[in-house]
Amino acid sequence: MARTKALQNIAFSFNGSALEGHMDSFSDENGVEITDSTVFTSTAQQQGPGAPNFSYKIGGPWSKTIDDILRPDTIAPPDTLRTVVAAVGPSASKVTLTWTGTTEVGGFISSYTRKADNPLGDVRWEATITMSGAPTAS
Amino acid sequence: MAPKGRHGRLLLDEFDFSTDTMSASLEMSVESVGANAWQSAAALAQPGAPGAKLKVAGYYTGADAGTIYGEMRERLGSEASAWIAWLVDTRSLGQPADVLRTAWVSDLPLEAPIKELITLSATFEGVPYGGYTLLDGAVTATGNGTVVTLPAAGSAGGTAFLFVRSITGTATDAAVSVECDTIVGMSTPTDKGTIEFSAVGVYELAITGTVEQYVRVTIDDLGGATSFTAALILCVDGVTQ
């Protein structure tokens, strides 16, 4: 099966701003809550799937542009969640997840870190975008 | 291209500890508050309260007053308000800068590897403010500063922080103003407030109402001093924070 390289094949937008030009790391943290339904008559642990949850860890070389996009929402979180679009893969086989922002569905920045670890190295950023609700997949 | 770490400036109240700083990390977080309900197709969450920590690592140069370790230790668990600011890129004005207000140190370990320099790391807690640098450096005359362009105009005011780190001579009511205008030429600027000072330290200016997209500082009065060295960070609600 053909491999898929990351270069040129990741797109991520937050509140209408495309971030992939500021990113060199992307991690899609999709999970499903595990619900425990073990009872006394169970012969083994019984578990089942609960609600899915979604978050993204992204990061890259820092710039004023990315700071202008992310920092305000971290200091003053919005009441209306943001529209987030995450796309993985080449155009012929792209998987796109879209959350259209409302008061219940959408994304918000749950962490934004700016680091200058090395006096001679680049300043970098990383953020976690936590999603609420289910996406539309295409 | 990203700025290098060495382009930053670290200010703690009236002290500039940039040359003793080797790294910084500003961690801003927003609590995720569960809001799950029946009929939800997936987990629901809302953003809760924001918070911030600034972690700084630097070189130990002694524990006296005025040293990086001495001043940070003075603020370890302190209830007296302090301000700490990280100006990310001092190569030009108009670059992002963050201030932790009512800052205090929650953690201050020293490391002494046998064959290396003694270093310190400090974690500052405080209330985060994000803005742009409008002034950073020595001021030797009155006049208008460089015009900085905000991403947009703001309508909910904001806060300006003036970090005065040295005064040559004696200043009595030296004055620095913040102005804004709707055009970059600033032909009819609006005065958003003035900070007066006579000593080193940090001064706040509460700004109300509209802050137009083009802003600058104006040095109104040196107060009799030959010069002073200061940084001003303008934080505009709904725009830079």
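Every heavy atom of this structure was used, including side-chain atoms; hydrogens, water molecules and symmetry mates were not.
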*Under 4.5 Å heavy-atom distance to chain A, tell me which part of B/V239 shows up: side chain, backbone, both or neither.*
backbone

*Just do the side-chain contact (heavy atoms from CB on, under 4.5 Å) check on A/V123 and B/V88 with the steps written out, would you?*
CA-CA 8 Å; A/V123 180; B/V88 185; 4.3 Å; yes

*Pairs satisfying salt bridge (charged side-chain N to carboxylate O under 4.0 Å, His left out), at least one member in residues 205-218 of chain B, at least two apart*: B/E179-B/R216

*asked:* Out of B/A24, B/G238, B/P128, return the one with the most heavy atom pairs under 4.5 angstrom to chain A.
replied: B/A24

Looking only at N and O atoms, which donor-acceptor pairs between chain B and chain A are within less than 3.5 angstrom?
residue, atom, partner, partner atom, Å
B/P3, O, A/V123, N, 2.8
B/K4, NZ, A/D122, OD1, 2.6
B/G5, N, A/G121, O, 2.8
B/R6, N, A/P119, O, 2.8
B/A24, N, A/A116, O, 3.0
B/A24, O, A/A116, N, 2.7
B/L26, N, A/R114, O, 2.9
B/L26, O, A/R114, N, 2.9
B/M28, N, A/Y112, O, 2.8
B/M28, O, A/Y112, N, 2.7
B/V30, N, A/S110, O, 2.9
B/A43, N, A/P52, O, 2.9
B/A43, O, A/G133, N, 2.8
B/A45, N, A/S132, OG, 2.8
B/A45, O, A/S132, OG, 3.2
B/Q46, NE2, A/T103, O, 2.6
B/A97, O, A/R71, NH1, 3.1
B/D98, OD1, A/R71, NH1, 3.3
B/D98, OD2, A/R71, NH1, 3.3
B/D98, OD2, A/R114, NH1, 2.6
B/D98, OD2, A/R114, NH2, 2.7
B/G131, O, A/R71, NH1, 3.4
B/G131, O, A/R71, NH2, 3.1
B/Y132, OH, A/K64, NZ, 3.3
B/Y132, OH, A/D68, OD1, 2.5
B/Y132, OH, A/D68, OD2, 2.8
B/T240, O, A/R71, NE, 3.4

*If you count heavy-atom pairs under 4.5 Å with chain A, which of B/G130, B/A41, B/P96 comes out on top?*
B/P96

_Interchain contact, B/A35 with chain A, by part (heavy-atom threshold 4.5 Å)_ = neither

*Looking at A/P78 and B/P47, what are the two nearest heavy atoms and their distance?*
O-CG, 3.5 Å

_Check this for me: A/I34, atom CD1, are more than 12 non-hydrogen atoms of other residues, nucleotides or ligands nearer than 6.0 Å?_
no

_Can you tell me which portion of B/P151 sits under 4.5 Å from chain A's heavy atoms? Options are side chain, backbone, both or neither._
side chain

*Side chain from CB out, backbone as N, CA, C, O: work out which of these in B/A97 comes under 4.5 Å of a heavy atom of chain A, or both, or neither.*
backbone

_Looking at every non-hydrogen atom in both residues, tell me the closest pair between A/A51 and B/A42 and how far apart they are._
CB-C, 4.2 Å

*Non-hydrogen atoms of chain B under 4.5 Å away: do they reach the side chain of A/I109, the backbone, both or neither?*
backbone

_Options A/P135, A/A134, A/P52, ranked by heavy-atom pairs under 4.5 Å with chain B, top entry_ = A/P52

